[in-house]
Amino acid sequence: MDIGEKIRMARIKANLTQEQVAEVLNVSRQTISNWETGKTYPDIVSVVKLSDLYDISLDHLLKEEKPMSKSDYLNYLEESTNTVKSRIRLSIIILIAVYLGIWAVSLISFWFFNSGSDAMGYSILYLWILFPVTTFVISLIIGKNNYWGGKKWLLTIVFGFLYMLAEYGTFSAANMITFHKIKFPEFLMIPLGAAISLIGMGIGTGIRHWGSRKKQG
């Protein structure tokens, strides 16, 4: 009996539906179905959660009918852990790419598609709507998934710094070119951007803790 069949039998014995299991593990019902039919396999984190949920040992879930050697078991753990880490890294790369992409597009739009009469509209759209919303949402996702662990809070400063550079690379730079005068960055933009990020990250962290308590309850 393979691991998919064992997972299915354990779920049935626990008197749980695929929908119920999917909700606890925060995955789709189709994912549970794929595990049980052997189309895909759960990573080690999910296996541990299934073991707790079904009240069966990891040894029972992971062992084949023939004895599994210690080296095979450790290799399985390593491969599953690497899969989880790869998914996390990909998610982080996507988040960074999205934010920097929006940041770059905003600067390009200002210099190549913005006229003097559009300055106020640009300010409202990018600096006071798009950037804050993007910073908030991405920070919320980081907090909810606990990317970078405790170091994630330092990212609020990075978001604040980039928020300041967005203003400095547009309006301030245009003013310096127009009036031939060097202007220092608006350093007050840093705490503003950091505060927006901090709120998003705090809410995301709160959602994660609430979800963990709900599952445990």
Side-chain angles (χ1 to χ4, degrees), residues 22-31 43 45-46 48-49 81-111 113-114 118-174 183-217:
E23 183 178 357
V24 173
L25 270 62
N26 195 27
V27 298
S28 67
R29 187 207 62 79
Q30 187 61 46
T31 297
D43 55 63
V45 175
S46 297
V48 172
K49 291 180 179 179
T81 302
N82 289 339
T83 298
V84 175
K85 289 181 179 179
S86 296
R87 291 174 181 172
I88 292 174
R89 282 196 294 267
L90 178 60
S91 298
I92 290 174
I93 290 173
I94 291 174
L95 281 179
I96 294 174
V98 168
Y99 183 85
L100 293 181
I102 293 175
W103 190 87
V105 167
S106 68
L107 266 67
I108 293 173
S109 298
F110 180 86
W111 290 107
F113 302 104
N114 175 50
D118 296 330
M120 181 59 69
Y122 178 92
S123 175
I124 295 174
L125 177 60
Y126 286 97
L127 294 182
W128 301 111
I129 296 178
L130 185 59
F131 268 132
V133 170
T134 302
T135 299
F136 175 83
V137 171
I138 291 183
S139 296
L140 187 148
I141 294 173
I142 291 173
K144 184 176 182 294
N145 293 280
N146 198 32
Y147 294 147
W148 291 287
K151 296 180 180 178
K152 65 179 177 292
W153 301 105
L154 297 176
L155 291 174
T156 59
I157 300 175
V158 176
F159 281 119
F161 187 75
L162 288 172
Y163 191 44
M164 178 200 71
L165 285 181
E167 190 279 334
Y168 192 65
T170 53
F171 289 105
S172 292
K183 180 181 179 182
F184 289 106
E186 297 287 343
F187 291 107
L188 288 178
M189 299 288 285
I190 295 179
L192 178 59
I196 295 171
S197 175
L198 185 63
I199 293 171
M201 209 169 293
I203 293 175
T205 301
I207 293 173
R208 178 170 56 85
H209 289 322
W210 178 78
S212 298
R213 288 196 297 269
K214 183 179 178 182
K215 290 177 181 179
Q216 292 173 359

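Residues forming a side chain to side chain contact (heavy atoms under 4.5 Å, CB included) with I203 (at least two apart in sequence, or on another chain): F136, L140, I199, I207. Every side chain to side chain contact (heavy atoms under 4.5 Å, CB included) that S91 has, sequence neighbours left out, goes to Y147. Applying the ring-ring contact (aromatic ring centres under 6.0 Å, His included) rule to Y99 yields the partners F159; only residues at least two apart in sequence or on another chain are considered. A search for side chain to side chain contact (heavy atoms under 4.5 Å, CB included) contacts involving V137 returns V133, I141, not counting sequence neighbours.
For the residue pair T31 and S28, a side-chain donor N or O sits within less than 3.5 Å of a side-chain acceptor on the partner.
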Under 3.5 Å donor-acceptor pairs involving side-chain atoms of residues 161-171, not counting sequence neighbours:
unit_1	atom_1	unit_2	atom_2	d
Y163	OH	L127	O	2.5
E167	OE1	S172	OG	3.0
E167	OE2	S172	OG	3.1
Y168	OH	K183	O	2.7
T170	OG1	A166	O	2.7
T170	OG1	E167	O	3.1

Just distance, no hydrogens or angles: give the donor-acceptor pairs under 3.5 Å from side chains in residues 149-158, sequence neighbours left out.
unit_1	atom_1	unit_2	atom_2	d
K152	NZ	N146	OD1	2.9
K152	NZ	G149	O	3.1
T156	OG1	W153	O	2.7

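How far CD1 of I102 is from OG of S109: 11.0 Å, rounded to the nearest 0.5 Å. Note that the CD1 atom of I196 and the CG atom of L192 stand 4.5 Å from one another [nearest 0.5 Å]. Summarising the geometry, atom CD1 belonging to I94 is positioned 4.0 Å from atom CG belonging to L90; distances are rounded to the nearest 0.5 Å. I142 CD1 to S197 OG: the interatomic distance, rounded to the nearest 0.5 Å, is 6.5 Å.
Looking only at distances, a side-chain donor or acceptor of T135 sits under 3.5 Å from a matching main-chain atom of F131.
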